[in-house]
Structures are given as C-alpha cells and as structure tokens.
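A quick write-up on the structure given underneath.
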Number of protein chains: 2
Amino acid sequence: MLKLAILGFLRDRPMHGYELRRHLAALTGHIRPLSDGTLYPAIKRLEADGLLVRETEPGSTAAPRHTLHLTPAGVTALLERLRTPEQLDISDENRWFTVLAFLRHLDDPAGQAAVLRRRLAFLEEPASFFYDEAGPLDAERITDPFRSGILLIARATSRAELAWLHDTIAALDASDGQDVTATSG
Amino acid sequence: MLKLAILGFLRDRPMHGYELRRHLAALTGHIRPLSDGTLYPAIKRLEADGLLVRETEPGSTAAPRHTLHLTPAGVTALLERLRTPEQLDISDENRWFTVLAFLRHLDDPAGQAAVLRRRLAFLEEPASFFYDEAGPLDAERITDPFRSGILLIARATSRAELAWLHDTIAALDASDGQDVTATSG
DNA sequence: CCGCTATACCTCGATGCCGAGGTATCGTCT
DNA sequence: AGACGATACCTCGGCATCGAGGTATAGCGG
C-alpha cells in the first residue's frame, strides 16, 4: 500500500522523503496518519529492491536531502502493481482508493478498464454483514439501528461507485476503440 | 479491531473459536479475510488479559471445544472501548463499521449519540485527498477521471452517512429525554 | 546567542497480522 | 475399511507498522 503510494507519487516527479510524507498525509493521512518510522524503512526497502535511487543534494537546505528517483525497475513495478492488483487492493476501500489515485499512470485504457471491472465484479457479488441461526440477515430483518445504518451507508456507497464504474468503463472502452483506429488508420 | 469484534460477538452469547471465525468472516471477511493464525492468538491475548475464559466441553463433537465466555472485566472492556473509541476507530471506515456493529451493546442513548457525534465531527471537517504547488485541489481542478471518481464516491458516502447520523442522533436524543422522564416520573 | 520551531532523516523495540504448516476427530461417501 | 472434507485448534517465522526516541541544520524572535 505504502509501497504503491510511494512509487505512484515518485512517478509524477522525484521528491525527497519529507515531501513524500506531506503528499501521503494528504492522500490517506486523515483516515490513518503515517509515522515516519513507517515511511523511511519503506523507502529503504524500495531502495534495496532497486526500485528507486537517492541522489544527495549538497547544501540545499537543512539536513542532507536525498532526492528520490524511480528507476526503470521501479516504473515497471508500479505499472505491474497497477495492472494486476492483489485482491486486497480491490476489496479494501482504502487500498482501492490508492490504486485509483495512481491508475492514470497505467497509460492504457484497456488495462485501466480491466482493473475497474475487477472492482465491479467485487461490488456485484452479494455480501451480507450479519447473520443468525436462520441464515444471512437482510436489511428488513435487522432491528439494530446501528447495523441498519451500516447497510444504508454501504449501499449508498455501492450505488454511487457502481454508477461511476459503469460510466468510466464505457468511456475507457470508447476511447480505446478510438485510439486503436486512430493509430492504425 | 479484532479484539473489539471478538468481545462484541461474545457479548451476544458465548461461542467457540470456530463459530467466532464464521461470524467475523461474515462481518469483515469479504473486505479482508481473517486467518486463524490471527484469531487464535488474539483469543489467547484476551484470555491472558482476563477478559474471557474458556470452558472445555467434554465429548461434544470433534476436537476439544473451548466455549468462550466474557468475564465481567471483558464486558467492562467492551463498554469502555465502545464509549471512548480511539481516533482510528472513528476515522477508518472499516474500524468505524465494527464500532457501529456493536454500539448497541453500549446500552445508553446519550453515550451512543456522543460516539456518533465524534464521527459527525470527523466527517464535517474539510479534507482533501490531493494537492499541488498551488494548494489543495478541489473537484473542479482535478482532470484525472480516476481521482475525480474517488471524490465522487467519497462525497456520496459522506452525504448518506451525514444524513443517517443526523437522523439517528436526533432519535437517540429524543429517546434519552423520554427515558429520563419515564424513569424519574 | 539562546531557545524554539520547522525541516529532514534515522533507529529500535514491541506489537499484531499473515501464511504455511501441523494435529486430531467426526461424518459421509464409496 | 479407507478416503475425504469439515470441524476445531494450535505454532512459528517473517514482516510491516507504530511510537518513542535520537541527530542535525536553518531561520526567527527575544
């Protein structure tokens, strides 16, 4: 997750750790704040994997700034992750939003549509939060106001996202067809 | 999180680990599947903390079943957790839904309303996912269709939840007033 | 020039989760 | 009788994260 977000931000432009931290805070920080005890080891792991390099700028500001650049391997890893996200990236809303935030980097309408279709399939499979001895509880059988609130909110989110997914997939399919004829004609 | 869910389910009725596992799978399993390598150590931690006890049923079915019961300390811990959730339980939707799923156990309309008000305050404070050099990006300035999708979905969720929160808080406030006059009169 | 804050980076112990593995029993199908 | 899957529980290594701590520089107010 963190890995995806770091690669995604660095794909836009090289930046140093502290700036990365600010961007990450803006993206998911209100949901789940990120400590730099998490960020810097993550950067080190990516560096050890050869996905990014640091270039030390001399006396720019304060401490020795390491400007972080993606390597070609880093770009490949990002695109691979975006093209074939793991199931948790599809099902968990926080992770899914991170995928969406950088899906534009996957510069391929068909590939983007394929990822959206995976989310679509996940949202369309029936899921129930609660059940008792008699089986799954549908909305009508739930008397607890808090639990019916969960269902209400989940359903509103689902409706909005399904509509958006259908629209966006249609647009991507259309633009893909256009591009193919444009480049081939 | 897991801790809260275990305590919450056991508050309904004692059950053994495997049954707990099924309930947990129904509650959050479609989002994030739970391995029993996570569940059983969590049960052990709760037992070590004195929040639950196991009672071994003799030759009921297969392996030695341990039926899990909340202790008075476990009930207290559950109520305390529900009454004063940490900020992450408020901000993270997955955690928040877990709080909601068991908030009914906090048998106190005023306390329940107070928790809902914390979520309300969180949702009402302005948050932006993205920003550039010129500051936070509002919806109009975002051209990336995937990022505008995030905002669209987040806003739909937020609208639905805010409406539900207002309604439910009003209902709780009303029932609280009624209860007070009923018990005092 | 001292203290304070912001910038910028790092380490380390504790914790919690995951996945892969293992054990054992019971019921059912063949 | 043997194979198999479901039930039921457990252990352990590995890893990501958190939080608390530390280091160092630059700039600003008093």
Side-chain angles (χ1 to χ4, degrees), chain A residues 1-7 9-10 14-25 28-29 31-49 51-68 81 86-89 91-92 94-95 98, chain B residues 1-7 9-10 14-25 28-29 31-49 51-68 81 86-89 91-92 94-95 98:
Chain A
M1 219 7 40
L2 188 50
K3 179 178 168 177
L4 171 59
I6 293 174
L7 294 176
F9 279 126
L10 290 182
M15 57 181 86
H16 48 89
Y18 205 77
E19 201 178 349
L20 210 42
R21 192 162 135 69
R22 284 202 307 271
H23 277 89
L24 288 164
T28 54
I31 305 293
R32 175 181 286 271
L34 177 74
S35 76
D36 46 342
T38 304
L39 176 60
Y40 287 106
I43 291 174
K44 288 207 156 183
R45 283 195 299 272
L46 293 175
E47 194 189 11
D49 293 348
L51 305 186
L52 59 83
V53 289
R54 346 177 156 215
E55 276 162 32
T56 306
E57 290 177 16
S60 53
T61 51
R65 280 188 178 208
H66 305 299
T67 306
L68 308 170
R81 176 77 181 265
E86 33 186 293
Q87 192 53 26
L88 209 60
D89 293 336
S91 64
D92 185 295
N94 295 337
R95 283 172 171 257
T98 308
Chain B
M1 217 7 39
L2 189 50
K3 178 178 167 179
L4 171 59
I6 294 174
L7 294 177
F9 279 126
L10 290 182
M15 56 180 86
H16 48 88
Y18 205 75
E19 202 179 348
L20 210 41
R21 193 162 134 68
R22 284 202 308 271
H23 278 88
L24 288 163
T28 55
I31 305 293
R32 176 180 285 271
L34 177 74
S35 76
D36 46 341
T38 304
L39 176 60
Y40 288 104
I43 292 174
K44 287 207 155 184
R45 283 196 298 273
L46 293 175
E47 194 189 9
D49 292 348
L51 305 186
L52 58 84
V53 289
R54 347 176 156 217
E55 275 161 34
T56 306
E57 291 177 15
S60 52
T61 51
R65 279 189 178 205
H66 305 299
T67 307
L68 309 170
R81 177 77 181 266
E86 34 185 292
Q87 192 53 25
L88 209 59
D89 293 337
S91 64
D92 185 297
N94 294 338
R95 283 172 171 256
T98 308

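Predicted model only: the values in this text are computed from it and were never measured. Throughout, protein chains are lettered first and strands after them, A, B, ... in sequence-line order, and every chain is numbered starting at 1.
- Minimum interatomic distance between Ile6(A) and Leu46(A) (heavy atoms only, all atoms of both residues): CG2-CD1, 3.6 Å.
- Residue Tyr40(B) places no side-chain N or O under 4.0 Å from the OP1 or OP2 atom of dC10(D).
- Side-chain N/O atoms of Tyr18(A) include one lying less than 4.0 angstrom from OP1 or OP2 on dT7(C).
- A straight line from CG of Leu46(B) to C1' of dC9(D) spans 16 Å, rounded to a whole angstrom.
- For the pair Leu4(A) CG and dA16(D) P, the interatomic distance rounds to 15 Å; values are reported in whole Å.
- Contact annotation for Arg21(B): no contact, since no heavy-atom pair falls under 4.0 Å across all strands.
- dC17(C) atom C1' lies 15 Å from atom CG of Asn94(B), rounded to whole Å.
- The closest side-chain heavy-atom distance from Leu88(A) to Pro33(B) is below 4.5 Å.
- No donor-acceptor pair under 3.5 Å is formed between the side chain of Asp49(A) and the backbone N or O of Leu51(A).
- In this model, the phosphate group of dC9(D) is not approached by any side-chain N or O of Lys44(B) to a distance below 4.0 Å at OP1 or OP2.
- Remark: C1' of dG19(C) and CG of Leu34(B) are 12 Å apart, rounded to the nearest angstrom.
- Per the geometry, CD1 belonging to Ile43(B) stands 15 Å off C1' belonging to dG16(C), to the nearest Å.
- The distance between atom CG of Leu20(A) and atom C1' of dC10(C), rounded to the nearest whole Å, is 16 Å.
- Note that CZ of Arg95(B) and CD of Glu86(B) are 5.5 Å apart. Values are rounded to the nearest 0.5 Å.
- Phosphate contact (OP1/OP2 of dA6(C), side-chain N/O of Arg22(A), threshold under 4.0 Å): absent.
- Whole-Å rounding puts the Leu39(A) CG to dC10(C) C1' distance at 11 Å.
- Within the 4.0 Å cut-off from OP1 or OP2 of dA16(D), not a single side-chain nitrogen or oxygen of Thr38(A) is found.
- Between Arg95(A) atom CZ and dC17(C) atom P there is a gap of 14 Å when expressed in whole angstrom units.
- The side chain of Arg45(A) places an N or O atom within less than 4.0 Å of a non-bridging phosphate oxygen (OP1 or OP2) of dT17(D).
- In this structure a side-chain-to-backbone donor-acceptor pair under 3.5 Å is present from Arg21(A) to Leu34(A).
- If you check dT11(D), dG19(C), dC9(C) against the side chain of Arg54(A), the one that comes closest is dC9(C).
- At the heavy-atom level, Gly37(B) lies under 4.0 Å from base atoms of the strands shown.
- The nucleotide whose nearest atom lies closest to any side-chain atom of Asp36(B) is, among dC9(C), dG19(D), dC9(D), dC9(D).
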